[in-house]
Amino acid sequence: AANQTFGGKGTLVLGGVDADHKMIFSGFSSLTWNGPGKLVLTGRSTSRGTLTVVGGRVVMDFADWPGKVVVGEGAELVVNDSCASRHGVYTGPCVLGASNTPGFLMILQ
């Protein structure tokens, strides 16, 4: 299946039990995952928008998210390989809990 591309400034809101998507976000487009299940992202995004994990878990397999990342209380964002922020580079898997970290940059290498 081909990758789905979301561009511009809008927000895609998803929720459900489990989902696996080859989504690519560009421009300032944003993604909100409401859970309660697990969303696996495998596309390489270039968006400066916001990735929000309200509930459940988002797993970024081979994915990038250069924009802002917000993880709600009780939710998780898992980066399978490595991630970097202004505070350093972390070797994965990185599990990020509740946070609101502007400019958090995740890079899978």
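All values below were derived from every heavy atom in this structure, side-chain atoms included, with hydrogens, water molecules and symmetry-related copies excluded. Along the sequence shown, residues carry numbers from 1.
- Tested against T52, the residues V70, N34, L77 include a single side-chain contact (heavy atoms from CB on, under 4.5 Å) partner, V70.
- Listed for the T46 side chain is no donor-acceptor partner under 3.5 Å among the backbone atoms of S26.
- In this structure, S47 and P66 approach most closely via the heavy-atom pair O-CD, 3.4 Å.
- Taking hydrophobic clusters as Ile, Leu, Val, Met, Phe, Trp and Tyr residues chained together by side-chain heavy-atom distances below 4.5 Å, L14 shares a cluster with V58.
- Residues F28 and L31 fall into different hydrophobic clusters, defined by Ile, Leu, Val, Met, Phe, Trp and Tyr side chains chained together at heavy-atom separations under 4.5 Å.
- Minimum interatomic distance between M60 and L51 (heavy atoms only, all atoms of both residues): SD-CD2, 4.0 Å.
- The backbone N or O of V13 sits nowhere less than 3.5 Å from a side-chain atom of T32 that would complete a donor-acceptor pair.
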Practice problem: Show the numbers, then the answer: is there a side chain to side chain contact (heavy atoms under 4.5 Å, CB included) between Q4 and K22? | Solution: CA-CA 6 Å; Q4 293 176 306; K22 292 184 177 183; over 6 Å; no
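- For the atom pair R48 CZ and S29 OG, the distance stands at 12.0 Å (nearest 0.5 Å).
- Tracing side-chain contacts under 4.5 Å through hydrophobic residues (I, L, V, M, F, W, Y), one never reaches V54 starting from V40; they form parts of separate clusters.
- To the nearest 0.5 angstrom, L41 atom CG is 8.5 Å from D20 atom CG.
- Nearest heavy atoms, V53 versus E76: CG1-O, 3.6 Å.
- A continuous path of hydrophobic side-chain contacts links F6 to V69 [ILVMFWY only; heavy atoms under 4.5 Å].
- Remark: side-chain polar atoms of D18 are paired, donor with acceptor, to backbone N or O of K38 under 3.5 angstrom.
- Using a 30° and 60° split on the angle between ring planes, W65 and F25 fall in the tilted class, from 30° to 60°.
- By the rule that hydrophobic residues join a cluster once side-chain heavy atoms approach within less than 4.5 Å of another member, W33 and V71 end up as members of one cluster.
- Looking only at side-chain heavy atoms (C-beta outward), T42 and H21 stay at 4.5 Å or farther from each other.
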